[in-house]
Amino acid sequence: MTTSSAPGKIILFGEHAVVYGRPALAVPVTQVQATATVSATSRPGIWIEAPEIGLASELSRLAPDHPLAAVIKGVFSALPPPVSPHIFKENGVESGGATIHVTSTIPVASGLGSGAAVSVAIIRALSAFLGQPLPDERVSTLAYEVEKLHHGTPSGIDNTVVTYAKPVYFVKPPSPPGRGARARAEQSRSGEVEILRVGAPFTIVIGDTGLFAPTKESVSDVHTLWEADQPRWEKVFDEVEEIVQKARRVIETGDIPALGPLMDKNHKLLQEMTVSCPELDRLVEAARRSGALGAKLSGSGRGGNMIALVNARNAPALAEALISAGAKRTIVTTV
Ligand code: MEV
């Protein structure tokens, strides 16, 4: 039997602009986790059990584009052949099969990276069960392929931060040549993961609107805006990049209070991109009124979560203020 867990994540700065080649900062949220356990069973076949979404099915009965089917098939195709019968036997599955049991405490579709965390946990547990644990880079790439099923044109930040489980400075890898409008950004894209040094710990309160965050739709709507007026939105994304670079320096030097105004500024630009909503704005304003050093939406927006920077001792009071302002749940996390 093999088990693997992966954390949730929040984007501190740079969501949406990251899809256009700008950098973003994201951190893991270890208070919530997805866990996959793979065990041998006498039943033939690969059985997937995900009780929280009412799923109990043999792999071949799932639609080919079902994210859980895609991730499992992705693992099989990533391992050198002949994978299944041979290695399954070596792992004690003589004539039977395997059960993949998935659970998660990460709220779904809320900007906390639940899809990526489930993928990463399955990829690690299954490849280890098959005797060939995959390296982080491969885990992240496979999870990225599944992210595409969730929301079309992901930047790759979710699978990256969830795989490495460390604060990251992320720049989307270059897309194939010929996308002229993004050429400038591409010059600076390394596509590599830089682990962010954190000069001094800081505390974030996460407030959940309880609303589904329609990532595919908001990413697509920002794209429509960008297509209609590229000079305007490239300028907005440049402003986001400036915020991200400043925030990176501030985090590295540990000058934490300086992060607050940067969060407020980033939220304003996200409002301009039309990805906030009244519920997120209400929580962001409540956080500021209740002593947060800064606050913003986090993730794709129009629902999901917001984040507020606080002095650690004020975190419980701020969490309470967010609940009074309508948050369905809060998480306090220290970066
Ligand atoms: C979603 O967690 C973050 C977005 O920037 C989309 C992406 O990066 O793929 C909105």
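Each ligand, and each atom within it, is numbered from 1 in the order the structure gives.
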- Ligand-side contact atoms (ligand 1) for residue partner Pro154, heavy atom cut-off under 4.0 Å: 9 (O)
- Heavy-atom contacts with Ser300 under 4.0 Å: which atoms of ligand 1 show up? List them by number with element. 10 (C)
- Note on the structure: Given the options Asp208, Leu283, Asp281, Met306 meets side chain to side chain contact (heavy atoms under 4.5 Å, CB included) only with Leu283
- Query: Is Tyr144 linked to Tyr164 within one hydrophobic cluster, defined over Ile, Leu, Val, Met, Phe, Trp and Tyr using a side-chain heavy-atom separation of less than 4.5 Å?
  - Reply: no
- Task: List every atom of ligand 1 that sits less than 4.0 Å from any heavy atom of Ser155, numbering the atoms from 1 in the order shown and giving each element.
- Result: 7 (C), 8 (O), 9 (O)
- Task: Would you name the heavy atoms of Arg43 and Thr99 that are closest together and state the gap between them?
- Result: NH2-OG1, 4.0 Å
- Query: Where on Lys148 is there a heavy atom closer than 4.0 Å to ligand 1, on the side chain, on the backbone, on both, or on neither?
  - Reply: neither
- Item | Heavy-atom pair of closest approach, residues Ala315 and Thr203 | CB-CG2, 4.1 Å
- Considering only non-hydrogen protein atoms, determine which one is nearest to atom 5 (O) of ligand 1 and report residue, atom name and distance to 0.1 Å. His16 N, 2.9 Å
- Task: Measure the shortest side-chain to side-chain distance between Asp264 and Arg288 over non-hydrogen atoms and say whether it is less than 4.5 angstrom.
- Result: yes
- Judged by non-hydrogen atoms, does Lys172 sit under 4.0 Å from ligand 1? no
- Closest non-hydrogen atom pair, Ser114 against Ile106: CB-CG2, 3.5 Å
- ligand 1 atoms in contact with Glu15 (distance to a heavy atom under 4.0 Å): 5 (O)
- Query: Okay, side chain of Arg302, backbone of Thr274: is any donor-acceptor separation there less than 3.5 Å?
  - Reply: yes
- Verdict with reasoning, Lys268 to Glu239, per salt bridge (Lys or Arg N to Asp or Glu O under 4.0 Å): CA-CA 11 Å; Lys268 213 156 175 242; Glu239 284 177 58; over 6 Å; no
- Note on the structure: Under 4.0 Å from one or more heavy atoms of Lys9, ligand 1 contributes atoms 2 (O)
- Message: Within ligand 1, which atoms have a heavy atom of Asp158 less than 4.0 Å away?
- Response: 2 (O)
- What atoms of ligand 1 come closer than 4.0 angstrom to any heavy atom of Val18? 5 (O), 8 (O)
- Task: May I ask you to list the atoms of ligand 1 that are less than 4.0 angstrom from any heavy atom of Ile11?
- Result: 2 (O), 3 (C)
